[in-house]
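I have placed the structure first, in the form of structure tokens, so that the comments after it can refer back to it.
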Amino acid sequence: MIPDKAPQEDVFHCSEDLKKESHIPSFEKYKELYTRSIENPDEFWGAIAKDFFWKTKHTGCFLDYNFDVTKGEIFVKCMEGATTNICYNLLDRNVHERKLGDKIAFFWEGNEPGDDLTVTYRELLQKVCRFANVLKSQGVKKGDRVSIYMPMVVELVVAMLACARIGAVHSIVFAGFSAESLCERIIDSQCSLLITADGFYRGDKLINLKLLADEALQKCRDKGFPLKTCIMLKHLSKEPEAAGRQSPPAKRACPDLEQEKRKVKKTRPVPKVPWNPDVDLCWHSLMGGAADECEPEWCESEDPLFILYTSGSTGKPKGVLHTVSGYLLYAATTFKLVFDHQPDDVYWCTADIGWITGHSYITYGPLANGATSVLFEGLPTYPDVGRMWQIVDKYQVTKFYTAPTAIRLLMKYGSDPVQKHNRKSLKVLGTVGEPINPEAWQWYHGVVGEKRCPIVDTFWQTETGGHVLTPLPAATPTKPGSATFPFFGVVPAILNESGEELEGPSEGYLVFKQPWPGVMRSVYGNHERFEATYFKKFPGYYVTGDGCRRDKDGYYWITGRIDDMLNVSGHLLSTAEVESALVEHKSVAEAAVVSCPHMVKGESLYCFVTLNDGVAFSQALEAELRKQVREKIGAIATPDYIQNAPGLPKTRSGKIMRRVLRKIACDEKDMGDISTLADSSVVDELFRNRCATTV
């Protein structure tokens with residue numbers, strides 16, 4: 001599977017200076033460790049587990065599993081019998097055992113330049129303990145689910161780690177999602193409490209988060225699931241306004257946000273915050289009365305840690321469930337080795353914590369290693385297109401992790417905004433969220449990294465918990481656009497449609513033959529869906545849903561989604577979910593959504609809508625449909641193109657031929673075999689009326 005020697009031609013090699021300090025300094029060392037991780041995973045992962053604290057040790061085999069639905073229920077169990085607390089390992093261990101209390105955990109950089117603060121490991125531990133006590137005072141206990149709907153602020157990290165400290169299960173909802181999406185996730189995971197903020201700015205745009213949260217809670221009540229408590233952080237506002245009522249009673253009042261260690265250079269309008277005294281509680285008032293210490297709840301290895309929703313091909317999001325010990329080990333190890341973490345590094349992942357990248361590589365992985373990270377609230381282009389590189393210089397960032405979407409966006413502005421900043425601190429660059437096209441890789445390597453920084457182009461999923469195909473900075477010669485080789489403990493295979501493993505250079509379905517500690521354990525509340533989605537198609541394998549090509553040198557190349565999913569700006573969207581939002585409009589009889597290439601986002605949403613009889617297609621209707629999708633799912637799912645489609649290409653059995661629609665969206669006239677179409681004239685009409693796309 002792994003070649004005996006790394007290729008020397010058509011690849012980029014790491015500098016000798018980086019190899020000197022690297023954890024894995026050569027391809028030969030990588031191969032040796034990889035072989036050990038596959039042949040003796042108990043010994044490999046057991047040695048890594050010794051770096052962490054266990055209240056009780058595990059008994060039996062380190063990793064037990066069944067991936068074959070024909071042999072019984074699918075399961076993965078890691079370190080059964082062990083007990084620990086992940087928050088203890090991230091904070092207490094670093095403060096008390098490793099003596100890192102005064103080390104900076106986060107440089108927080110706000111939306112506005114100059115709006116910043118620093119938080120040490122000791123301060124973070126204190127804040128987490130206090131908020132853990134707040135949650136306990138509200139009746140939250142081990143196993144309860146807590147929904148978090150917050151901007152990129154330190155308090156988001158505090159909230160998630162406070163849940164982990166008391167054994168509660170956090171379910172973070174990206175703050176760009178709609179009230180409907182938040183409601184759906186609250187109900188599905190049966191959350192007992194919501195944590196949110198008044199609002200935040202993304203560039204010049206004000207997001208009134210509390211209004212959206214209140215709308216979601218009303219939708220929950222309408223569906224028979226009233227949430228009794230909402231804790232609100234004051235991030236922007238001063239006194240909450242009672243929205244037509246008298247001011248809230250003093251015990252629920254929300255005092256002015258403490259500005260200690262925080263410098264705000266630019267004042268902006270703040271939102272009017274609705275306040276429901278029967279439900280709402282103020283973060284700051286609650287924290288003011290909470291104790292600084294909170295004993296951790298010792299959890300079993302396979303106790304749930306968090307639920308994170310990802311789009312499903314049925315249109316209903318899947319609650320991906322991760323558990324304590326395996327996730328801790330895998331997030332910590334992938335972070336340490338993929339970014340070649342060193343004690344004096346300043347690491348910056350530009351993702352949002354509302355996505356799995358933020359869970360694994362802003363919170364859990366870095367903190368488990370005692371790392372210093374940048375936590376950024378803003379946009380890469382605000383207030384100007386040099387913002388990211390200004391931040392790199394400000395904090396002397398050494399390891400930088402971002403999405404191909406952001407790279408392509410900044411490429412449009414040329415090299416000048418990058419080169420006016422120093423960037424000499426950078427040592428390793430990373431990409432995440434989608435395959436990076438070779439042109440963007442070359443620009444990232446040549447302009448941003450000045451041809452001296454290796455690029456780790458990582459492939460993984462919400463479901464995998466951490467990197468599964470990735471270069472290692474000093475060990476792996478890289479090819480632009482390739483995910484390279486598997487991480488330790490990961491055994492990939494490429495299958496054909498019949499489920500046969502392909503050897504050598506090949507292309508087909510990407511699957512994995514055995515688990516690693518951080519892989520998901522189930523779909524929350526629906527284990528049958530877990531089995532059907534990931535294991536039914538090819539029994540004995542975890543099915544990623546992605547296509548993959550392996551070249552003559554053994555390098556893996558991700559070719560894109562095979563199922564009905566879209567990858568827009570590095571975020572997976574379900575075509576069924578977008579279609580469902582469109583057909584809820586009274587004017588729409590039927591909808592079909594496909595992707596077409598987009599220069600910045602990777603893929604864009606191209607929507608075909610069939611209207612009800614007597615309804616005329618218009619710009620006003622188009623605007624209504626876009627608004628409907630935004631409200632139902634979120635701004636990330638806003639259609640780029642909406643085409644009026646009096647008829648859709650269907651087989652005689654009535655199935656929509658999406659392959660044909662993708663050809664139309666991409667303006668590709670070669671249709672291939674369309675003999676199964678019930679009415680081929682539909683294709684000609686759709687071509688004549690297609691939207692003018694730009695790639």
Side-chain angles (χ1 to χ4, degrees), residues 313 404-405 408 434-441 479-482 494-498 500 502 505-510 537 544-552 556-569 572-576 578-579 582 590-610 617 639-695:
S313 58
T405 299
R408 289 191 294 265
E434 60 187 302
I436 185 170
N437 54 303
E439 295 82 5
W441 193 102
K479 297 186 180 186
S482 169
I494 296 178
L495 306 185
N496 62 18
E497 191 67 51
S498 302
E500 299 165 328
L502 304 174
S506 50
E507 186 167 348
Y509 291 86
L510 175 64
K537 185 175 180 67
T544 65
D546 282 289
C548 185
R549 174 174 64 86
R550 185 171 49 226
D551 68 18
K552 64 180 178 61
Y556 289 85
W557 303 72
I558 304 302
T559 56
R561 299 297 296 178
I562 291 174
D563 53 17
D564 290 330
M565 306 291 288
L566 304 172
N567 193 321
V568 178
S569 296
L572 282 185
L573 295 173
S574 160
T575 56
V578 180
E579 288 164 4
L582 289 167
E590 194 171 20
V593 178
V594 297
S595 69
C596 66
H598 191 282
M599 188 172 67
V600 173
K601 296 191 292 185
E603 291 184 318
S604 58
L605 280 78
Y606 194 113
C607 307
F608 297 86
V609 293
T610 301
F617 191 79
D640 296 270
Y641 308 102
I642 301 177
Q643 178 176 343
N644 183 25
L648 292 170
K650 297 180 180 180
T651 63
R652 289 172 179 81
S653 63
K655 183 180 179 181
I656 297 172
M657 293 186 70
R658 296 175 191 280
R659 171 178 65 82
V660 172
L661 291 178
R662 279 191 284 269
K663 293 278 190 180
I664 294 166
C666 297
D667 200 19
E668 297 176 3
K669 298 297 197 304
D670 181 10
M671 289 285 106
D673 181 15
I674 56 172
S675 60
T676 57
L677 273 179
D679 180 6
S680 59
S681 67
V682 167
V683 175
D684 295 330
E685 184 170 0
L686 290 175
F687 261 117
R688 283 195 298 270
N689 296 305
R690 70 177 293 279
C691 301
T693 58
T694 56
V695 296

Quiz item: Minimum heavy-atom separation for Leu582 to Val609, with atom names?
Solution: CD1-CG1, 4.2 Å
Quiz item: Are the side chain of Arg662 and the backbone N or O of Val594 linked by a donor-acceptor pair below 3.5 Å?
Solution: no
Exercise. Examine distances only and state if a side-chain atom of Thr610 and a backbone atom of Ala645 form a donor-acceptor pair shorter than 3.5 Å.
Key: yes
Self-check item: Qualifying residues under side chain to side chain contact (heavy atoms under 4.5 Å, CB included), relative to Asp551, sequence neighbours excluded
Solution: Lys479, Arg549, Asp553, Tyr555, Trp557
Self-check item: Residues in side chain to side chain contact (heavy atoms under 4.5 Å, CB included) contact with Glu500, at least two apart in sequence or another chain
Solution: Asn496, Ser498
Quiz item: Which of these, Arg690, Gln643, His598, sits in a side-chain hydrogen bond (donor to acceptor under 3.5 Å, both in side chains) with Tyr606?
Solution: Gln643
Practice problem: Evaluate the side-chain contact (heavy atoms from CB on, under 4.5 Å) criterion for residues Glu590 and Phe608: first the C-alpha distance (whole Å), next the side-chain angles of each, then the deciding distance (0.1 Å), finally the verdict. | Solution: CA-CA 8 Å; Glu590 194 171 20; Phe608 297 86; over 6 Å; no
Practice problem: Specify the closest pair of heavy atoms between Pro597 and Cys666, including all atoms of both residues, with the distance to one decimal. | Solution: CD-SG, 3.4 Å
Quiz item: Shortest non-hydrogen contact from Ala665 to Ser595?
Solution: CB-O, 4.3 Å
Quiz item: Looking only at heavy atoms, which two atoms of Leu648 and Val682 are closest? And how far apart?
Solution: C-CG1, 3.7 Å
Quiz prompt | Any residue meeting salt bridge (charged side-chain N to carboxylate O under 4.0 Å, His left out) with Glu668, in chain and number order, not counting sequence neighbours | solution = Lys663
Self-check item: CD1 on Ile664 to OG1 on Thr693, rounded to 0.5 Å
Solution: 12.5 Å
Practice problem: Measure across Pro646 and Asn644 and return the closest heavy-atom pair with its distance rounded to 0.1 Å. | Solution: CD-O, 3.6 Å
Quiz item: Residues two or more places apart in sequence or in another chain: which of them pass side chain to side chain contact (heavy atoms under 4.5 Å, CB included) with Ala440?
Solution: Ile407, Arg408, Met411, Ile436, Asn437
Practice problem: Indicate the atoms forming the closest heavy-atom contact of Ala592 with Leu661, along with that distance. | Solution: CB-CD1, 3.5 Å
Self-check item: All side chain to side chain contact (heavy atoms under 4.5 Å, CB included) counterparts of Asp546, not counting sequence neighbours
Solution: Phe459, Gln461, Thr544, Ile558, Arg561
Quiz item: With sequence neighbours left out, what residues match Lys669 under salt bridge (charged side-chain N to carboxylate O under 4.0 Å, His left out)?
Solution: Asp667
Quiz prompt | Inter-residue atom distance Tyr641.OH - Cys607.SG, 0.5 Å rounding | solution = 11.5 Å
Quiz prompt | Working for side-chain contact (heavy atoms from CB on, under 4.5 Å), residues Leu495 and Leu502 | solution = CA-CA 6 Å; Leu495 306 185; Leu502 304 174; over 6 Å; no
